[in-house]
Amino acid sequence: MAEAKVLSGAGLRGQVAGQTALSTVGQAGAGLTYRGYDVRDLAKDAEFEEVAYLLLYGELPSQAELDEYKTKLKGQRDLPQALKEVLERIPVTAHPMDVMRTGCSVLGTLEPELTFDTQRDKTDRLLAVFPAIMCYWYRFTHHGVRINCTSDEDTLGGHFLHLLHGKKPSALHVKVMNVSLILYAEHEFNASTFTARVCASTLSDLYSCVTAAIGSLRGPLHGGANEAAMELIERFQSPQQATAELLKMLERKDKIMGFGHAIYKESDPRNEVIKGWAKQLADEAGDSVLYPVSEAIDKTMWEQKRLFPNADFYHASAYHFMGIPTKLFTPIFVCSRLTGWAAHVFEQRANNRIIRPSAEYVGVEQRQFVPIAQR
Ligand SMILES: CCC(=O)SCCNC(=O)CCNC(=O)[C@H](O)C(C)(C)COP(=O)(O)OP(=O)(O)OC[C@H]1O[C@@H](n2cnc3c(N)ncnc32)[C@H](O)[C@@H]1OP(=O)(O)O
Ligand SMILES: O=C([O-])CC(=O)C(=O)O
């Protein structure tokens, strides 16, 4: 069972930087809860749209409310023409996280948040269009295709897979996407969410908060770890080779992406869930390399460092088995975490004081300015 670490030192570790009613991370018991619900229960029985509604609107929806919410999101999936034109100008070499950041920012110029009382509608619109922002750019720049940004898929996860692959996804893949989006939705004061809250505390607009958060999520120590984990796993042809190479990497004190966590001490509760689905996808794909290699890395990290896989590690192989290109892994995280970011922005705005901590000065003593001609 995950417990809170004893935290101190750099990185604001262990400092309470504000209040939230959205989630608990690493507290004794459930490990991760969204508005009081264990994430494992939500991942087992809920739809992502239910969880989005819970985070953004405060309570789980009734069936009628969920139907209405999904219809609302479905009706807003298409991109404005001006945004499509901008996406077409972004080079094929760009990282898709930069595409998401730009897409979000451009939408903010086309459909600005003029007053905070539109914050929920603006969030729902972003939720509906993020899959299309990612897939329109990807399919145009990589395959020369201008895709239809709408689909008749019932869920956001299914819609994303449909736009990416240009066909109806299997029921298993839709289910795993749903679980994945739920697992990634919210995680208290992680780096990207804290970024969003700092931005919100200046009374900036929602698009600025989300754009800033995307920039923070992109780094390999945070959301970018799922892509880095895939690049590691793919290097090895067998569990034996993975173990041998990993030992050398640990000897060199390399960071192994997808392992460890700033808050969890013994395990990340999201890992057991996505690991189970990754195994099911591996079996479906008839895989005999990638999943055993992942398990060998997992075992070696625990034996050597007492480090456990975080939510990102088995997401890598799960996404891979669904035919998702590695560079789109972190953008999927964006599609999900938008819900947590936005809910935190609403919370910050509802009880705001500008976030402005102090620094311990470690520079030179005060000294006399010398004009340039005399230096
Ligand atoms: C799901 C979304 C997420 O953002 S989860 C995090 C995704 N990031 C990664 O997977 C990147 C790899 N992991 C890491 O860099 C760290 O574990 C992160 C997540 C940044 C947490 O950092 P921090 O709180 O400083 O770690 P810590 O104090 O527990 O570190 C203790 C000692 O263990 C080491 N360590 C930690 N993680 C790894 C790792 N993945 N591979 C190798 N070593 C690791 C640290 O370097 C530290 O060692 P030392 O005590 O300085 O010798
Ligand atoms: O909480 C963190 O530091 C990182 C994390 O797992 C997340 O954002 O999901």
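Read the numbers this way: they start at 1 and go in the same order the structure lists the ligands and their atoms.
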Which ligand 1 atoms are under 4.0 Å away from a heavy-atom of [X]?
| X | value |
| --- | --- |
| Ile256 | 12 (C), 39 (C), 40 (N), 41 (N), 42 (C) |
| Phe333 | 2 (C) |
| Ala225 | 7 (C), 8 (N), 9 (C), 10 (O) |
| Asp254 | 42 (C) |
| Gly258 | 9 (C), 10 (O) |
| Arg13 | 23 (P), 24 (O), 25 (O) |
| Met257 | 10 (O), 11 (C), 12 (C) |

Inter-residue atom distance [X].[atom1] - [Y].[atom2], 0.5 Å rounding:
| X | Y | atom1 | atom2 | value |
| --- | --- | --- | --- | --- |
| Tyr207 | Cys199 | OH | SG | 14.0 Å |
| His95 | Arg101 | NE2 | CZ | 10.5 Å |
| Thr24 | Tyr34 | OG1 | OH | 10.5 Å |

Any side-chain donor paired with an acceptor under 3.5 Å for [X] and [Y]?
| X | Y | result |
| --- | --- | --- |
| Gln63 | Asp67 | yes |
| Asp205 | Ser208 | yes |
| Ser180 | His315 | yes |

Test of proximity, [X] against ligand 1: N or O pairs below 3.5 Å:
| X | answer |
| --- | --- |
| Leu307 | no |
| Leu250 | no |
| Asp312 | no |
| Leu221 | yes |
| Asn310 | yes |

- prompt: Which of these, Glu186, Glu188, His261, has its nearest heavy atom closest to atom 4 (C) of ligand 2?
  reply: His261

query: Atoms of ligand 2 less than 4.0 Å from Arg337 heavy atoms?
result: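 It comes down to these atoms of ligand 2: 7 (C), 8 (O), 9 (O).
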
- prompt: Going by the order shown, which atoms of ligand 2 are within less than 4.0 Å of some heavy atom of Arg270?
  reply: 5 (C), 6 (O), 7 (C), 9 (O)

query: Are Gly11 and ligand 1 in contact, using a heavy-atom cut-off of under 4.0 Å?
result: no

- prompt: Touching ligand 1 at all, Asn226? Heavy atoms, strictly under 4.0 Å?
  reply: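 Judged by the 4.0 Å heavy-atom criterion, Asn226 does not count as contacting ligand 1.
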
Should the ring pair [X] and [Y] be called parallel, tilted or perpendicular, given that the plane angle runs from 0 to 90° and is split at 30 and 60?
| X | Y | value |
| --- | --- | --- |
| Tyr291 | Tyr314 | tilted |
| His142 | Tyr138 | parallel |
| His222 | Phe333 | perpendicular |

task: Assess whether atom NZ of Lys168 is packed by more than 12 heavy atoms of other residues, nucleotides or ligands within 6.0 Å.
output: yes

- prompt: Got a sec: does the CZ of Arg367 have more than 12 other heavy atoms crowding it under 6.0 Å?
  reply: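 12 or below, so no.
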
- prompt: Is there any N or O on His187 that sits under 3.5 Å from an N or O of ligand 2?
  reply: yes

- request: Between Ala262 and ligand 1, find which residue part has any heavy-atom pair under 4.0 Å and reply side chain, backbone, both or neither.
  value: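 It is both backbone and side chain that touch ligand 1.
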
task: Heavy-atom distances under 4.0 Å are what count here, so tell me which part of Ala228 touches ligand 1: side chain, backbone, both or neither.
output: neither

Cation-pi check, Arg197 onto Phe189 ring (under 6.0 Å, within 45° of axis):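 Judged by the rule (NZ or CZ under 6.0 Å from the ring centre, within 45° of its axis), Arg197 is not positioned above Phe189.
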
